[in-house]
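Throughout, numbering of the chain's residues begins at 1 and tracks the sequence. Computed over heavy atoms, backbone and side chain alike; hydrogens, waters and symmetry mates excluded.
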Amino acid sequence: MDENIKAPAISVVMPVYNGEKYLREAIESILNQTFIDFELLLINDASTDNSEEIINSYNDSRIVYIKNEQNLGLIKTLNKGLDLVKGEFIARMDQDDISNPERFAKQIALFESNPEIGVCGTLFTLFRDNHEDQIIEHPESNDSIKIGLLTSCFIGHPTVMIRKKAMKNYRYDINYQAAEDYELWTRLVKMTQFYNIQESLLKYRFHTSNMSVLENNTQSENSKKITGDQLKYLDIANSKENIELCRILLITASKFRYTDDELRKLINFANKLEYQNSQKKVYSEKKFHEIINRRLIEIFNKTVDKNFSTLPFILKNRKEIISQRSILANTKMLAKMILKK
């Protein structure tokens with residue numbers, strides 16, 4: 001690059017593959033940002049439709065057009081984009097979504113005020129034909145996001161902006177197809193702080209060609225694999241049972257009813273999870289305990305046919321479940337247990 005040419009503040013990475021239907025809307029939502037100091041890397045992954053013609057119809061010096069001679073797939077195309085970025089910050093954008101005009105300005109302002117933050121997402125609005133728009137909410141603070149990443153992707157990929165120096169040489173892993181962003185966040189969150197702006201700054205278009213629709217099974221399996229990877233990091237066996245217990249424990253409303261046996265298993269697993277975290281110091285111990293305890297209380301309230309022997313088990317292993325309930329609720333529960341006995 002010519003030394004006299006100033007690098008843009010932001011490099012926007014937008015892979016394109018047969019995106020003609022919504023591509024123009026996506027591109028213009030970036031070109032119309034109120035923060036104008038950026039380059040837009042449009043990487044055409046060997047499209048066979050009119051995507052190239054749409055890209056070439058723009059005469060904007062901020063557009064950098066890159067054409068793959070053969071189809072590389074999304075993950076390799078994303079990594080190619082990361083190798084080419086020049087900006088201090090890296091923004092993601094998908095070919096079918098719409099960024100709010102203030103998105104970049106608000107993310108840059110957040111970074112400038114918080115030098116410790118390396119990854120910034122936002123809330124986003126899910127929209128589709130014949131349905132009401134739905135705002136997808138994600139936790140705001142680093143501690144909550146980090147804990148949430150144990151089981152769920154709490155950073156909206158097309159909303160994200162990353163400080164380049166925090167990204168370093170990290171790249172998307174081709175072994176996590178359809179969950180490559182989620183897996184990357186679980187590595188980056190160990191190295192830098194995350195934040196979600198609590199405002200919807202992107203419209204996420206839901207349609208039958210979405211990756212989450214086309215590769216739903218692959219995404220689900222790789223998400224479980226990512227949970228297992230993180231359990232292994234805590235020195236907890238990466239087993240199918242532990243992955244399932246972890247996801248039940250930390251994903252709200254994962255089930256409507258629980259058995260007494262499931263409750264005991266979840267309490268034992270929760271205690272193991274907290275103990276291992278106290279040894280490894282991965283998550284905020286206070287926040288981790290708060291989130292786990294809240295979920296165990298929810299699970300306890302949904303447990304049917306509690307046995308009388310459950311009471312001393314809980315008092316020994318997780319007494320907060322009882323102590324944080326009202327006296328009336330505990331009295332009713334005890335009466336049911338006595339009658340059942």
Next on the checklist: Under a 3.5 Å threshold, yes or no: a donor from one side chain and an acceptor from the other, between N100 and K106?
Outcome noted: no
Checklist entry - Are T186 and Y233 close enough, and set up right, to give a side-chain contact (heavy atoms from CB on, under 4.5 Å), and what steps lead you there? => result CA-CA 11 Å; T186 64; Y233 187 77; over 6 Å; no
Checklist entry - Are the charged groups of D181 and R92 less than 4.0 angstrom apart, N to O? => result no
Checklist entry - Do NZ/NE/NH1/NH2 and the carboxylate oxygens of R295 and E298 come within less than 4.0 Å? => result yes
Item to check | I36 atom CD1, over 12 foreign heavy atoms within 6.0 Å | outcome: no
Item to check | Sidechain-backbone polar pair: Q276 side chain, L234 backbone, donor-acceptor under 3.5 Å | outcome: yes
Checklist entry - Which is it for R163 and T192 under the side-chain contact (heavy atoms from CB on, under 4.5 Å) test, yes or no, and what are the steps along the way? => result CA-CA 10 Å; R163 201 183 292 272; T192 189; over 6 Å; no
Item to check | Electrostatic pair K286-E290, nearest N-O below 4.0 angstrom | outcome: no
Checklist entry - Of the non-hydrogen atoms in T218 and A178, which two are nearest, and what is the gap between them? => result CG2-CB, 4.5 Å
Item to check | N277 side chain vs L273 backbone, donor-acceptor pair below 3.5 Å | outcome: no
Item to check | Sequence neighbours excluded - ring-ring contact (aromatic ring centres under 6.0 Å, His included) pairs with any residue from residues 78-122 | outcome: F38-F104, F89-F111
Checklist entry - Backbone N or O of I54 within a donor-acceptor pair of the S57 side chain at under 3.5 Å? => result yes
Item to check | NZ/NE/NH1/NH2 to OD/OE distance under 4.0 Å, E274 and R318 | outcome: yes
Checklist entry - Is it true that R264 and D260 make a salt bridge, defined as a side-chain N closer than 4.0 Å to a carboxylate O? => result yes
Checklist entry - Can you list the residues that meet the ring-ring contact (aromatic ring centres under 6.0 Å, His included) rule with Y283, with sequence neighbours excluded? => result F288
Checklist entry - Using 30° and 60° as the class limits, which term best fits the ring planes of F124 and H138: parallel, tilted or perpendicular? => result perpendicular
Checklist entry - Do the numbers put R205 on top of the ring of Y22, so that NZ or CZ is under 6.0 Å from the six-membered ring centre and no more than 45° off the axis? => result yes
Next on the checklist: Please check if the number of heavy atoms outside K280 that lie under 6.0 Å from its NZ is greater than 12.
Outcome noted: yes
Checklist entry - Should we count NZ of K272 as having more than 12 external heavy atoms under 6.0 Å? => result no
Next on the checklist: Going by ring-ring contact (aromatic ring centres under 6.0 Å, His included), name the pairs with one or both residues in residues 44-84, residues two or more places apart or in two chains.
Outcome noted: none
Item to check | Contact summary for N196 and I145, nearest pair of heavy atoms | outcome: ND2-CD1, 3.6 Å
Next on the checklist: Just verifying a value: how many Å separate I43 CD1 and I66 CD1, rounded to the nearest 0.5 Å?
Outcome noted: 4.5 Å
Item to check | From Y172, Y182, Y204, residue fulfilling ring pair (Phe, Tyr, Trp, His ring centres under 6.0 Å) relative to H157 | outcome: Y172
Item to check | Whether over 12 other heavy atoms sit under 6.0 Å from E132 CD | outcome: no
Next on the checklist: Could you check whether K76 pairs with D45 (Lys NZ or Arg NE/NH1/NH2 to Asp/Glu carboxylate O, under 4.0 Å)?
Outcome noted: no
Checklist entry - Is the number of heavy atoms from other residues, nucleotides or ligands within 6.0 Å of NZ (K21) greater than 12? => result no
Checklist entry - Quick one: does S29's side chain have a donor or acceptor within less than 3.5 Å of a partner on I98's backbone? => result no
Checklist entry - Applying the side-chain hydrogen bond (donor to acceptor under 3.5 Å, both in side chains) test to S200, which of D133, T122, T125 qualifies? => result T125
Item to check | Nearest atoms (heavy-atom pairs only) where G81 meets L41 | outcome: O-CD2, 3.9 Å
Next on the checklist: To check you understand the geometry: which heavy-atom pair defines the closest contact between S99 and M93, and what is its length?
Outcome noted: OG-SD, 3.3 Å
Checklist entry - What are the two closest heavy atoms between N142 and V189, and how far apart are they? => result OD1-CG2, 4.1 Å
Checklist entry - CD1 of I321 to CG of L263: how many Å apart, nearest 0.5 Å? => result 6.0 Å
Checklist entry - Under the 3.5 angstrom rule, does the side chain of K165 hit a backbone N or O of G118 as a donor-acceptor pair? => result no
